[in-house]
Chemist: 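Have a look at this one.
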There are 2 protein chains.
Amino acid sequence: MGATKTDHFTDQQNELATLAKALGHPARVAIIEYLIKVDTCICGDIVNELPLAQPTVSQHLKELKNAGLIKGSIDGNAVCYCIDDQTWKRFHGVLNAMFTSFLEKSSTCC
Amino acid sequence: MGATKTDHFTDQQNELATLAKALGHPARVAIIEYLIKVDTCICGDIVNELPLAQPTVSQHLKELKNAGLIKGSIDGNAVCYCIDDQTWKRFHGVLNAMFTSFLEKSSTCC
DNA sequence: TTTATTCATTGCAATATTACGATGAAGTTT
DNA sequence: AAACTTCATCGTAATATTGCAATGAATAAA
């Protein structure tokens, strides 16, 4: 095996898993943090920020893009990356719902 | 390869990645959701909730435990699982910081 | 003590991920 | 045009993940 059985779970569960998985690598966390830090789009220089080779970074960017967390648009011979507002907010919403629904139930066990 | 180069990233980045990765599978999302829903610890019956075989569920529980998201304590011949308060709150905090720091910078690009 | 029950572990097969060198595509610069 | 820059893609190797049948460990129930 090695293939996830997505069929048996809800769309919500699968989407949350996809987004979380996209963040599930330190390089991709670093990319997102950097995109937030510099405020605007990044047109280049992401590779210089990471301790990884260019093809590897490109692959991580592709995965973030597939998950919907970032967008990329071509600008001359550079590419412009930025966080995808919509997905990011949805991600925030779903996670916040989980977090708060846990905090509300102050279970006294264990 | 196939091994993540954790050495080159900060501890914070690695921990966030570890936690996100733990949530990066629909079965594990479902487990966490269920743990929140039933409020108290689960002593058994997690397997019945999931469309997966018992060893597979056991493995997912182990990964959630390794990441620190849940705790498990032995209770007779059942095992009692519940969400780890501390880790959960830290996870919440780190993600919330990311989310809000993004929202503050209403970048007008792309 | 024998039999269930509950969960973990082992072992295996299939697939996915991570990383990078080499190469390609497409624009820019000289 | 020729050389350069920037990024994607291909190919490949190493490792990780996913899933389950079989088995084991440990308590509970008969």
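No experiment lies behind these values; they were computed from the predicted model shown.
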Chemist: Kindly point out which of dC20(C), dC20(D), dT18(D) is positioned nearest to the side chain of E63(B)?
Modeler: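 Closest of the options to the side chain of E63(B): dT18(D).
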Chemist: Measure from the side-chain heavy atoms of V79(B) and tell me the nearest of dG19(D), dA16(C), dA8(C).
Modeler: dA8(C)
Chemist: Taking atom C1' of dA19(C) as reference, at what distance in whole Å does atom CZ of R28(A) sit?
Modeler: 12 Å
Chemist: Side chain of A78(A): nearest nucleotide among dA19(C), dA16(C), dC7(D)?
Modeler: dC7(D)
Chemist: For dA8(C) and S58(B) - does any side-chain N or O of the residue sit under 4.0 Å from the phosphate oxygens OP1/OP2?
Modeler: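 S58(B) to dA8(C) OP1/OP2: side-chain N or O found under 4.0 Å.
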Chemist: Confirm from the modelled atom types if Q59(B) and dA8(C) form a donor-acceptor pair under 3.5 Å, side chain to base only.
Modeler: no
Chemist: Counting just side-chain N and O atoms, does H60(A) come under 4.0 Å of either OP1 or OP2 of dT17(C)?
Modeler: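 Looking at the OP1 and OP2 atoms of dT17(C), neither is under 4.0 Å from any side-chain N or O of H60(A).
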Chemist: Name the residue closer to the 5' end of DNA chain D, choosing between P55(A) and P51(B) according to the nucleotide with the nearest heavy atom.
Modeler: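 Looking at DNA chain D, the more 5' nearest nucleotide goes with P55(A).
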Chemist: Rounded to whole angstroms, how far apart are NE2 on H8(A) and C1' on dC20(D)?
Modeler: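 In whole Å, dC20(D) C1' lies 14 Å from H8(A) NE2.
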Chemist: Taking donor-acceptor contacts at under 3.5 Å, does the side chain of N77(A) reach the base of dT28(C)?
Modeler: no
Chemist: In whole angstrom, what separates I46(A)'s CD1 from dA8(D)'s P?
Modeler: 9 Å
Chemist: Out of dG21(C), dC20(D), dT9(C), which nucleotide sits closest to the side chain of T56(B)?
Modeler: dC20(D)
Chemist: What's the CD1-P distance between I31(B) and dT18(D), to the nearest Å?
Modeler: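 It works out to 11 Å between those atoms.
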Chemist: Report the residue (T6(A) or T4(B)) whose heavy-atom-nearest nucleotide on DNA chain D is the more 5′ of the two.
Modeler: T4(B)
Chemist: Would you say dC20(C) has OP1 or OP2 under 4.0 Å from some side-chain N or O of K5(B)?
Modeler: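 Indeed, a polar side-chain atom of K5(B) lies that close.
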Chemist: Quick check for you: to the nearest 0.5 Å, what is the distance between F91(A) atom CZ and T18(A) atom OG1?
Modeler: 10.0 Å
Chemist: Answer yes or no: does a side-chain N or O of K21(B) lie under 4.0 Å from OP1 or OP2 of dT17(D)?
Modeler: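 The answer is yes; a side-chain N or O of K21(B) sits under 4.0 Å from OP1 or OP2.
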Chemist: Should the heavy atoms of other residues, nucleotides or ligands under 6.0 Å from CG of D11(B) be counted, would the total exceed 12?
Modeler: no
Chemist: So F102(B) and W88(A), would you call those rings parallel, tilted or perpendicular, with 30° and 60° as cut-offs?
Modeler: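 The arrangement is perpendicular - the two ring planes meet at more than 60°.
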Chemist: In whole Å, what is the span from the CG atom of L61(A) to the C1' atom of dT17(C)?
Modeler: 16 Å
Chemist: What is the distance, rounded to the nearest whole Å, between atom CD of Q54(A) and atom P of dT9(D)?
Modeler: 11 Å
Chemist: What is the distance, to the nearest angstrom, from the NE2 atom on H25(A) to the P atom on dT15(D)?
Modeler: 15 Å
Chemist: Between dT9(D), dG19(D), dA19(C), spot the one nearest the side chain of K62(A), thanks.
Modeler: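 From the listed options, dT9(D) comes nearest.
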Chemist: Which heavy atom of L50(B) sits nearest to which heavy atom of V57(B), and what is that distance?
Modeler: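 Distance-wise, the nearest heavy atoms are CD1-CG2, 4.0 Å.
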Chemist: To the side chain of Y81(B), which of dT9(D), dA19(C), dA8(C) is closest?
Modeler: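 The answer is dA8(C), which lies nearest to the side chain.
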